[in-house]
Amino acid sequence: MDQTQKLLPRWFTIWFFASCLVFLIGGAINKLAGVPDGDLNLWGAAIGVFAMYLLALFTWRRRETLRAFVAKISLPLVVKSVLIGWFFAEIDELVNFPFNPLFPGISLFQDVIFTTPFYLLVHLGWFWVLRKYKFTVTEALIVGGLTLGSFEIFGGGVNVLSILVVLVFPFVVMIHGVHMVMPKIGLARELDNENQTDTKWKYVIGVLVPAAGGIIGIGLMFLLSFLLVSLGLMTPIV
């Protein structure tokens, strides 16, 4: 089944392409009109997310290579799962850093340092979900991507604009869906077991558990920032 399964259904891919086009056009219009990017560079977001989409497709087609490599690593399954997720999450940060850094004026090194606690705890919760519940690779990408995509969209509060983002739902999913699906791709044989539960509640749990880890990770991120600034190892981010 794994040999013939597609990573994404056609309807999702078409909708995703259309969403990227909307962001590209919107960003181009803002650029021509001299509108500042503000908290989000629209055209940059489209380029970054599309690049990660291509990485997801490439990795999916070379999944046996990834699985063979991961199988040679002598670490507990939970550690391998978390590290795989963190590694691809930081690739995501690297790709999107030129367009949409974590904070204005932050360096790439600081970006990696501060996002690490967040991603490690997100993927710790995500490992528990993938181990306990039965997910297809497509479900893992969409549910996992929706978890952190919701952070991006609703982190500043719920408003009319954030609600309208449902019109570009696949784009929101793909912001973080790529690194969230990587543990499922790389560790499919180790994660899957006959004791896994298959219930509709898995979708809700799959969003809430990693999100809870992310909230704790955000707290640790700010604590780390405070300590580094207090020790004079880093200047305050403005």
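Values in this document were obtained by computation on a predicted structure and should not be read as measured data. We're numbering straight along the sequence, starting at 1.
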Where do [X] and [Y] come nearest, in terms of heavy atoms and distance?
X    : Y    : result
R67  : A188 : NH2-CB, 3.6 Å
I185 : L7   : CD1-CD1, 4.4 Å
F50  : C20  : CD1-SG, 4.2 Å
N100 : A45  : ND2-N, 3.6 Å
A46  : L24  : CB-CG, 3.7 Å
P9   : T138 : CD-CG2, 3.6 Å

Legend entry - Evaluation steps, side-chain contact (heavy atoms from CB on, under 4.5 Å), between L55 and M52: CA-CA 5 Å; L55 176 61; M52 293 303 295; 3.8 Å; yes
Inset, instruction - Hey, could you give me each pair passing side-chain hydrogen bond (donor to acceptor under 3.5 Å, both in side chains) that has a residue in residues 12-28? Not counting sequence neighbours. - result: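 Listed by first then second residue: nothing to list.
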Who passes ring pair (Phe, Tyr, Trp, His ring centres under 6.0 Å) against [X], sequence neighbours left out?
X    : answer
F222 : none
F12  : none
F127 : none

Please tell me if the side chains of [X] and [Y] come closer than 4.5 Å, counting only heavy atoms from C-beta onward.
X    : Y    : answer
Y53  : L8   : yes
L191 : L77  : yes
F23  : I47  : no
L83  : I73  : no
L148 : H179 : yes
I142 : F169 : yes
N193 : K132 : no

Inset, instruction - Report yes or no: does R63 contribute a side-chain atom to a donor-acceptor pair with the main-chain N or O of W60 at less than 3.5 Å? - result: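 Between the backbone of W60 and the side chain of R63 there is a qualifying donor-acceptor contact (under 3.5 Å).
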Legend entry - CA sep, side-chain torsions, deciding dist, call: V78, H123, side-chain contact (heavy atoms from CB on, under 4.5 Å): CA-CA 9 Å; V78 58; H123 277 282; over 6 Å; no
Side-chain atoms of residues 199-221: list all donor-acceptor pairs with protein atoms under 3.5 Å, sequence neighbours left out, distances to 0.1 Å.
from, atom 1, to, atom 2, distance (Å)
T199, OG1, W201, N, 3.2
K202, NZ, K134, O, 2.5
K202, NZ, E139, OE1, 3.3
K202, NZ, D198, OD1, 2.9
Y203, OH, E139, OE2, 2.7

Inset, instruction - Is it possible for you to check whether R131 lies under 6.0 Å from the centre of the six-membered ring of W128, through NZ or CZ, and within 45° of that ring's axis? - result: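 Pair R131/W128 does not count as cation-pi.
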Legend entry - Verdict with supporting geometry, L187 and M182, side-chain contact (heavy atoms from CB on, under 4.5 Å): CA-CA 8 Å; L187 296 167; M182 288 304 172; over 6 Å; no
Counting only pairs under 3.5 Å, give me each side-chain donor-acceptor contact of residues 84-96, with atom names and distances, residues two or more places apart or in other chains.
from, atom 1, to, atom 2, distance (Å)
W86, NE1, E90, OE2, 3.4
W86, NE1, T116, OG1, 3.0
E90, OE1, T115, OG1, 3.2
E90, OE2, T115, OG1, 2.9
D92, OD1, N96, ND2, 2.5
E93, OE2, Y119, OH, 2.5
N96, ND2, D92, O, 2.9

Inset, instruction - With rounding to the nearest 0.5 Å, note down the distance linking CG in L141 to CZ in F135. - result: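 The CG atom of L141 sits 12.0 Å away from the CZ atom of F135.
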Legend entry - Spatial distance of atom CZ (F171) from atom CZ (F16) [nearest 0.5 Å]: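 If we round to the nearest 0.5 Å, F171:CZ and F16:CZ are 6.5 Å apart.
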